[in-house]
Amino acid sequence: MAEDIYTIQKEASRLLTSVLLTDARLQIPESVKSASKRTSFDPSALATPFLPAPIKCTELSTALWALLATFGNAICAERYGLSEQKVVINSDVASIFLISFWLMRVGGKPISDSELVKRYSIYDTTNQFTLWRRLVTNLYPTRDGRWFHLHGGLNSDRSLRMLGLPTHKDVADEMEAVKGLSEGVQQFDAEWLDIEANEYWRQAGGICFTPEEYRKTEQGKAIADDALYLLEEFHGENLPPVPWPRVDTKTYRPLEGIKIVDLTRAIAGPTIGKLAALFGATVVRVSNMKLPDLGIVLFESNMGKRDAHLDLKAEEGRKALLNLIEDADVVLDGYRPGALEKLGFGPTYVHEVARRRGKGIVYARENCYGWKGPWMHRSGWQQISDAVTGVAWLFARMWNVDEPMMPFLPNSDFQTGIVGCIGVMNALDKRAKKGGNYLVSMSLNQLNSFLISLGTQSPEVQQSLREMWPDMKLRHYDDIHRQMRVLLSDLPKVKPQLLNPKYFTTIKAELGVPDEEIAFVGPAATYDTTKLGYDLGSCLRGTHEAKWPDEG
């Protein structure tokens, strides 16, 4: 029977209507549930799963885009009277969104172009992308027969010193680096590495658990009942409702006039701000020119944002940030848990600033492990979450190997970014109706646990994916850079539709060359009237002043 055939669109629709919209923990208002009747899925997109993954990356990304766009549609109905507007979600675009920074072109050049590499490498102040230091962030066997995901973060020094290895080393090729680092890790048991890295060296790292093992850990049990995001309301300050800003608009985007301070790095946190800018918000990212950053990611994640350099350890920088926050609607925190509290800008103080001004604020924070449990304080990255929650072992099972394999894409990062933007929209909607301050909390582990709970692709689908992508049968030591070379070289042959030019958008950028354009993955949502898009292209760090554009 045709109606029994599994398709991406059917599953995304089911996830939207029967899973996300019915989850009481997400506190989704009736206006959004009603607006979902005007949300549909583009039938021209690929119907059969195509990403070489055992988990439902495409289906969940599509469903989350649908929820985000539906939230936006409900807000548009309230703000602009667009009560009959429909929105269509394209699952192809929702998929390539998950590898978007690998697909962008700057000045017509791919991100691998040597001239572009030279430009974004200015942010690699710790030489992380030498072979020896880059491959610290990788999965290695331990002395006791387990697997540990070592991580260099933005500076591999601590991880290398922990292993008793040199912090810099010239090696001839990647496999020489893998061999030397693997020998270093194999000196130690997994439990020793886990405690040593996280508690003494304060460096990310994690044991590679199966999903079943992770659920039995104290951390897994601590957040087992947490939804995709946590939304807390604070009404004790008697802060009144904050009406949506009055704007003179030609695009009718839901977040126009909303001001967001973006204090994030890497991928998940910046994606929240990038999506908010797409949906119309004014976003000022606060960066520090003295700190390392992921340049290849930043070129794309700064889409639609202004970027201002501030040293938050200096009084002048702290004062400038406070001035931004005093006129902000949202603050995004993507730093290591507790880092902004130490600088004086945690949720307690930011909410106090809002109370003093008489206008509530949304504080949205993102981390790796979740917001309760014994590991919540730990630093973490997408690879660490994928290792500890069991995603890597699910990939191993799909490819019938007895060693964990890391996902080829930063799925949990990008999808946590979508979740964060949904949570922010929800909190802003509640602020408009009820007033008060809000705290939105999300994590990579919450996203991964939810994704795993949806089940894996059927054995038949997994077999078809293995046949479709024979070159993706990789090893434990193949980090995302090694994996993406294979994926991107095969993608035009395997699924050329994903590179359809209509899925990409072009805008002028400020990345060091005058009048240069950046081509990037466009929105996965298309409305009848609302026109999603960026007011600004991407920019280099420190391009703008630390003030709102309406301040002159």
**Student:** For Tyr214 and Asn448, run side chain to side chain donor-acceptor pair (under 3.5 Å): C-alpha distance rounded to whole Å, both residues' side-chain angles, the deciding distance at 0.1 Å, then the answer.
**Tutor:** CA-CA 11 Å; Tyr214 170 69; Asn448 271 332; over 6 Å; no
**Student:** Would you say Asp478's side chain and Ile480's backbone share a donor-acceptor pair under 3.5 angstrom?
**Tutor:** no
**Student:** Within a strict 4.5 Å, meaning less than it, do heavy atoms of the Ile75 and Met425 side chains meet?
**Tutor:** yes
**Student:** Does Gln85 form a side-chain contact (heavy atoms from CB on, under 4.5 Å) with Tyr80? I'd like the steps, not just the answer.
**Tutor:** CA-CA 11 Å; Gln85 175 171 248; Tyr80 312 124; over 6 Å; no
**Student:** Using side chain to side chain donor-acceptor pair (under 3.5 Å), reason through Asp307 and Thr543 one step at a time and then give a plain yes or no.
**Tutor:** CA-CA 6 Å; Asp307 191 301; Thr543 298; over 6 Å; no
**Student:** I would like to know whether Thr58 and Ser95 meet side chain to side chain donor-acceptor pair (under 3.5 Å); could you show each step before the answer?
**Tutor:** CA-CA 5 Å; Thr58 289; Ser95 295; 2.7 Å; yes
**Student:** Side chain of Gln446, backbone of Ser443: donor and acceptor closer than 3.5 Å?
**Tutor:** yes
**Student:** Is the closest basic N to carboxylate O distance between Glu300 and Lys274 below 4.0 Å?
**Tutor:** yes
**Student:** Considering all heavy atoms of both residues, which atom of Leu15 and which atom of Ala63 are nearest to each other, and what is their separation?
**Tutor:** CB-CB, 3.7 Å
**Student:** Where the side chain of Tyr229 meets the backbone of Leu26, is there a donor-acceptor pair that is under 3.5 Å apart?
**Tutor:** yes
**Student:** A side-chain contact here means heavy atoms from C-beta on lying under 4.5 Å apart; do Leu394 and Thr456 qualify?
**Tutor:** yes
**Student:** With a 3.5 Å distance limit and no angle check, can you tell me whether Asp42 reaches the backbone of Ser44 through a side-chain donor-acceptor pair?
**Tutor:** yes
**Student:** Any side-chain heavy-atom pair from Ser31 and Glu78 closer than 4.5 angstrom?
**Tutor:** no
**Student:** Any idea how His151 and Trp381 line up, ring-wise: parallel (<30°), tilted (30 to 60°), or perpendicular (>60°)?
**Tutor:** parallel
**Student:** Start with the C-alpha gap between Asp226 and Lys372, add the side-chain angles, then the distance that decides, and say whether salt bridge (charged side-chain N to carboxylate O under 4.0 Å, His left out) holds.
**Tutor:** CA-CA 10 Å; Asp226 286 353; Lys372 60 175 81 81; 2.6 Å; yes
**Student:** Are Phe101 and Phe520 close enough that their ring centers fall under 6.0 Å?
**Tutor:** no
**Student:** Answer yes or no: are there more than 12 heavy-atom neighbours, outside Lys433 itself, under 6.0 Å from its atom NZ?
**Tutor:** yes
**Student:** Does any N or O in the side chain of Arg79 come within less than 3.5 Å of the main-chain N or O of Val247, such that one atom is a donor and the other an acceptor?
**Tutor:** no
**Student:** Counting only N and O atoms by type, is there a donor-acceptor contact under 3.5 Å from the side chain of Glu517 to the main-chain atoms of Thr506?
**Tutor:** no
**Student:** So Ser61 and Ile418, do their side chains get closer than 4.5 Å, heavy atoms only?
**Tutor:** yes
**Student:** Measure from the side-chain N and O atoms of His309 to the backbone N and O of Met289, and report whether any donor-acceptor pair falls under 3.5 Å.
**Tutor:** yes
**Student:** Report yes if some heavy atom in the side chain of Asp386 is under 4.5 Å from a heavy atom in the side chain of Phe395; otherwise report no.
**Tutor:** no
**Student:** Side chain of Ser441, backbone of Arg365: donor and acceptor closer than 3.5 Å?
**Tutor:** no
**Student:** Are any of the side-chain heavy atoms of Val283 and Leu332 separated by less than 4.5 Å?
**Tutor:** no
**Student:** State, to 0.1 Å, how close Pro292 and Leu154 come at their nearest heavy-atom pair, and which atoms those are.
**Tutor:** O-CD1, 3.6 Å
**Student:** Do you know the tightest heavy-atom contact between Leu447 and Ser412?
**Tutor:** CD1-CA, 3.8 Å
**Student:** Under a 4.0 Å N-O cut-off, is there an ion pair linking Arg265 with Asp333?
**Tutor:** no
**Student:** Indicate yes or no: does Glu516 engage Lys508 in a salt bridge with an N to O separation below 4.0 Å.
**Tutor:** no
**Student:** Using a strict cut-off of less than 4.0 Å between a Lys/Arg side-chain nitrogen and an Asp/Glu carboxylate oxygen, indicate whether Asp479 and Arg134 qualify as a salt bridge.
**Tutor:** yes
**Student:** If you take the centroid of each ring, where Trp contributes its six-membered ring, are Trp371 and His377 closer together than 6.0 Å?
**Tutor:** no
**Student:** Spell out, as yes or no, whether a donor-acceptor pair under 3.5 Å connects the side chain of Asn73 to the backbone of Thr39.
**Tutor:** no
**Student:** Would you check, one step at a time, whether the test side-chain contact (heavy atoms from CB on, under 4.5 Å) holds for Asp329 with Leu428?
**Tutor:** CA-CA 8 Å; Asp329 299 288; Leu428 288 169; 4.3 Å; yes
**Student:** Report yes if the side chains of Val284 and Lys305 come closer than 4.5 Å at any heavy-atom pair, otherwise no.
**Tutor:** no
**Student:** Apply the test side-chain contact (heavy atoms from CB on, under 4.5 Å) to residues Ile96 and Phe504: give CA-CA distance (whole Å), side-chain angles for both, the deciding distance (0.1 Å), then the verdict.
**Tutor:** CA-CA 10 Å; Ile96 59 174; Phe504 294 80; 4.1 Å; yes
**Student:** What do the steps show when you test Asn445 against Val388 for side-chain contact (heavy atoms from CB on, under 4.5 Å), and what is the final call?
**Tutor:** CA-CA 8 Å; Asn445 277 19; Val388 301; 4.0 Å; yes
**Student:** Check whether any side-chain heavy atom of Ile422 sits under 4.5 Å from a side-chain heavy atom of Trp65, and report yes or no.
**Tutor:** no
**Student:** Could you walk me through whether Arg336 and Glu341 pass the salt bridge (charged side-chain N to carboxylate O under 4.0 Å, His left out) test, one step at a time?
**Tutor:** CA-CA 10 Å; Arg336 176 197 290 264; Glu341 282 87 343; over 6 Å; no
**Student:** If we ignore hydrogens and angles and just use 3.5 Å, is the side chain of Arg253 paired with the main-chain N or O of Gly533 as donor and acceptor?
**Tutor:** yes
**Student:** Assess the pair Phe414 and Phe97: is the distance between their ring centroids shorter than 6.0 Å?
**Tutor:** yes
**Student:** Hey, could you give me the CD/CD1 distance between Gln9 and Ile89, rounded to the nearest 0.5 Å?
**Tutor:** 11.5 Å
